[in-house]
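Note sheet for the following structure.
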Amino acid sequence: MADENKHDEEFLHKLRHSTSHVMAQAVLEMFPEGKIAIGPPIENGFYYDFDLPRTLTPEDLAQIEKRMKEIIQGRYPFTRREVSPEEARGLYKDQPYKLELIDGILAAGTDEYGNPVEGGATLSTYKHDHFEDLCRGPHVENTSQIPADAFKLLSIAGAYWRGDEHNKMLQRIYGTVWPSRKDLTEYLEMLEEARKRDHRKLGKELELFTFDEEIGPGLPLWLPKGGIIIEELERLAKEMEYKAGYERVRTPHLAKEDLYLHSGHLPYYAESMYPPMEMEGVRYYVKPMNCPFHHKIYASKPRSYRDLPLRLAEYGTCYRYEKSGELFGLMRVRSMQMNDAHMYCSEEQFEEEFLGVVSLYLEYFRLFGIEKYVMRLSTHDKKGLGKKYVDNERLWLKTEEMVRRAMQHGNVPYLEVADEAAFYGPKIDVQVWSAIGKEFTLATNQVDFAQPGRFNLTFTNRGGQEEMPLCIHRAPLSTHERMIGFLIEHYAGAFPVWLSPVQARIIPITDRHVAYAQQVAEQLKAAGLRGDVDSTAERMQAKIRNAQLQKIPYMLVVGDKEAAASAVAVRLRTEENLGPKPLAEFIARALEAIRMRQGI
RNA sequence: GCCGACGUAGCUCAACAGGCAGAGCGGCCGAUUUGUAAUCGGCUGGUUGCCGGUUCAAUUCCGGCCGUCGGCUCCA
């Protein structure tokens with residue numbers, strides 16, 4: 001079975017890669033003077049980058065698709081051949097991007113995407129019809145293996161040559177292709193379904209948050225219902241952090257420039273900080289992170305080894321000037337409330353502290369039922385030392401090894417990726433995917449060996465000597481913005497009761513039941529439940545529909561029978577009808593679900 | 001920030017090829033009083049994102065700005 005899947009994967013890969021070649025041929029026929037860059041297969045499809053004399057339009061895509069179908073039906077075989085550097089250069093003398101790729105392959109021993117190739121570089125091409133592309137392959141044997149009714153060109157986008165923003169921007173066409181028409185249809189339907197759970201759409205429908213042009217891009221307004229979710233998440237964080245020995249602190253939203261110079265953030269971060277404001281000759285910045293403030297709290301008095309680990313927690317509000325094109329609903333914003341904490345510990349305590357954080361993550365993920373995530377160990381890259389990263393290779397290697405060891409000892413699977421670290425140390429990032437497939441770092445757990453030194457943070461060890469602590473930065477619940485954006489999609493808006501803004505909607509069948517409904521509401525309130533009464537002049541059916549659309553977990557229908565018996569007829573949003581229950585029984589059930597923070 | 005598309009009522013969306021801007025939902029008023037996903041009728045609602053240009057006339061064509069979206073870059 002696993003073997004079969006592997007074959008499927010290989011075939012899909014070849015299919016997608018081959019379709020991208022066919023597309024490139026079609027585009028070059030349309031624009032004979034066009035330049036082609038690269039066109040790899042990707043998850044669910046493929047793309048190809050072009051440098052063309054004019055911008056593409058959606059109508060062009062239809063044209064290109066049409067031509068692609070003709071090419072496919074030409075039943076052209078894909079043939080591979082190896083070419084000498086001279087021949088390759090001759091073949092692509094009018095294709096500057098290909099020439100650059102050839103040079104790269106020969107110089108660095110990499111393939112056309114810059115990945116190293118074992119056994120040195122060989123130049124090869126794949127040809128079908130009259131289109132011959134510099135390519136390592138593999139491909140399907142014949143264009144006829146591409147189902148002409150199972151591919152679709154999806155979008156046109158800009159993309160920098162070699163992914164570098166200093167390079168020219170090319171035009172990228174994204175497409176998708178599947179083994180059959182049915183697979184394609186299913187994929188497109190899946191995309192459609194995913195759009196329905198998009199947090200931007202649900203956030204509006206469920207009245208959780210909004211943006212206002214006059215307030216500013218990336219600055220969300222939390223509506224009352226969203227505010228409830230924030231309150232509940234903070235309550236959870238406070239409970240968990242209290243149990244784990246954290247202490248809560250509070251720090252201001254801005255500080256003098258000196259602080260960020262001192263922390264070392266300013267040179268690395270200036271681009272993404274709001275510009276300074278000046279008062280009486282002093283420059284202040286609104287904070288993009290909480291760490292320097294917490295360091296100052298650590299430094300507020302002499303520390304002993306007996307004080308460690310010291311764990312300072314704060315839901316701190318930070319502001320980062322993300323580039324305009326990078327903003328994305330709640331997932332990428334400019335004002336954010338971070339589930340932040342900094343723990344200061346000795347080297348011996350590091351592993352236990354670090355694993356303590358990881359287990360906190362896992363506890364949260366279990367609670368939320370988050371199963372699809374990847375823990376990524378992000379390490380430094382030698383080339384970035386002194387630029388992107390603090391220039392201390394010895395400590396980089398040492399702390400990276402410490403994290404590896406901690407993860408291995410804790411039996412936590414992780415993936416290691418170079419050149420993704422924070423500037424002050426390695427980190428574990430938790431990667432998740434939004435409904436529409438965008439990847440995000442949800443939470444992060446970072447080692448910091450640089451800032452304690454910059455702030456002269458020390459503690460007196462057992463031997464009476466001053467020692468520098470390590471610092472761990474962590475944010476298991478991410479920021480409220482990203483966490484809630486993610487949870488909206490994760491639950492498709494149907495939050496478990498404890499997070500539901502409205503936990504119970506009381507539905508009087510006729511106006512004469514409103515008084516009883518209000519009594520029920522009072523009792524829910526007294527029990528600490530969030531309930532409201534739908535007293536609109538609608539029929540019960542309409543009231544139920546509205547509650548369903550709002551994804552309210554409990555609908556309590558009350559009519560004559562219920563009023564007479566101090567009962568409520570309980571309907572769940574899953575459409576399960578529990579029938580009449582004594583009010584006290586319902587309240588007990590709801591409170592239990594809330595206490596467990598599970599289900600409805 | 002870069003490339004491209006888009007922006008019409010609170011929401012979802014119409015308006016031939018420049019010629020007085022429309023529907024459904026919502027909201028308000030009234031009628032109805034109903035047992036598990038939409039009761040009926042009436043009313044209300046817009047300087048068509050903003051600024052400028054072309055034109056007798058601009059939602060429509062052109063330019064600039066703002067915002068959103070799809071990507072790229074970047075990122076909690």
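Residue numbers start from 1 in every chain, and the chains themselves are labelled A, B, ... in the order their sequence lines are given, proteins ahead of strands.
- Ring centroids of A:F586 and A:Y554 are separated by less than 6.0 Å, placing the two rings close together.
- Near RNA chain B, meaning a heavy atom under 4.0 Å from it, residues 473-494 of chain A has A:S478, A:T479, A:R482 in order of number.
- Within the 4.0 angstrom heavy-atom criterion, no nucleotide atom of any strand lies near A:L154.
- Nucleic acid contact class of A:K561 (heavy atoms, under 4.0 Å, all strands): base.
- In terms of polar N and O atoms assigned as donor or acceptor, the side chain of A:Y160 comes within less than 3.5 Å of the base of B:G1 in a complementary pairing.
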**Asked** Taking protein heavy atoms under 4.0 Å as touching, what does nucleotides 36-52 of chain B look like 5' to 3' if B marks base contact, S marks sugar-phosphate-only contact and - marks none?
**Response** BBBB-------------
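- For A:D419, the side chain to side chain donor-acceptor pair (under 3.5 Å) partners at least two apart in sequence or on another chain are A:K388, A:Y389.
- In this structure, A:V558 reaches neither bases nor backbone, as no heavy-atom distance under 4.0 Å exists between it and the strands shown.
- Screening A:Q451, A:H473, A:E314 for a side-chain hydrogen bond (donor to acceptor under 3.5 Å, both in side chains) involving A:H294 leaves a single residue, A:E314.
- Among the atoms of the strands shown, base atoms are found under 4.0 Å from some heavy atom of A:R320.
- Looking at heavy-atom distances under 4.0 Å, A:F328 makes contact with sugar-phosphate atoms alone, never a base.
- Residue contacts for A:A159: at a heavy-atom cut-off of 4.0 Å it reaches the sugar-phosphate backbone alone, with no base atom in range.
- The gap from the C1' atom of B:G7 to that of B:C11 amounts to 15 Å, rounded to the nearest Å.
- Between A:F486 and A:H199, the distance from one ring center to the other does not fall under 6.0 angstrom.
- The ring of A:W161 has its center closer than 6.0 angstrom to the ring center of A:Y97.
- Across all strands, A:K427 comes closer than 4.0 Å only to sugar-phosphate atoms, never to a base (heavy-atom distances).
- The residue A:M169 sits close to a base: some heavy atom pair falls under 4.0 Å.
- Remark: the A:S20 side chain and the A:H17 side chain contain no N/O donor-acceptor pair separated by less than 3.5 Å.
- Residue A:F211 is out of contact with every strand shown, counting any heavy-atom pair closer than 4.0 Å.
- An OP1 or OP2 oxygen of B:G71 is reached within less than 4.0 angstrom by no side-chain nitrogen or oxygen of A:S155.
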